[in-house]
Amino acid sequence: MKSQESIDRVIQINDIDLGKNIARLRKSMNIKQTDMVARLQISGIDISIYSYNRIEKGTQNPTVSFLFACCHILECDMNTIFDFRSMT
């Protein structure tokens, strides 16, 4: 059985690269990774620079709360993070 903590994880799959999309948006706003992590921490997301880097690389799965905080910081919606527009 899945733990309560694992239930809100989003699994990155081959056709949607969440980490790459977040990195692209972050860079377009000239936000450094360390600054992004600081903003996430201020937003209540318990994350290290190491974990954040792994999410951008696609080797660690983000939580829903992480994605929601990213949307707030990057001034976008979930459709932008998931890049649904480019799939249609």
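This is a predicted model, so every value here is computed, not measured.
If you take SG on Cys70 and CD on Glu75, they are separated by 13.0 Å, rounding to the nearest 0.5 Å. Atoms CD1 and CD1, on Ile42 and Ile73 in that order, are 8.5 Å from each other to the nearest 0.5 Å. Rounded to the nearest 0.5 Å, atoms CD1 (Ile49) and CE (Met36) are 10.5 Å apart.
Contact record, Phe66 with Leu40: CE1-CD1, 3.4 Å, taken as the closest heavy-atom pair. A pairwise comparison of heavy atoms in Lys32 and Arg26 identifies C-NH1, 3.7 Å as the closest pair. The two atoms that bring Glu56 and Gln33 nearest to each other are OE1-NE2, 2.7 Å, heavy atoms only. The two residues Ile81 and Leu74 have their closest heavy-atom pair at CD1-CD1, 4.4 Å. Closest heavy-atom contact between Leu18 and Leu67: CD1-CD1, 4.5 Å.
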(request) Apply side chain to side chain contact (heavy atoms under 4.5 Å, CB included) to the pair Asp83 and Arg24, showing each step before the final yes or no. (result) CA-CA 11 Å; Asp83 200 19; Arg24 177 180 45 80; 4.1 Å; yes

(request) Kindly determine whether Phe68 and Ile45 satisfy side chain to side chain contact (heavy atoms under 4.5 Å, CB included), including the steps that lead there. (result) CA-CA 10 Å; Phe68 184 75; Ile45 305 300; over 6 Å; no

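A donor-acceptor contact closer than 3.5 angstrom is absent between the side chains of Gln41 and Asp46.
Side chains of Thr80 and Leu25 form a contact here, defined as non-hydrogen atoms less than 4.5 Å apart.
A donor-acceptor pair under 3.5 Å is formed between the side chain of Ser43 and the backbone N or O of Arg39. Formation of a donor-acceptor pair under 3.5 Å by the Arg54 side chain with backbone atoms of Gln60 is not found in this model.
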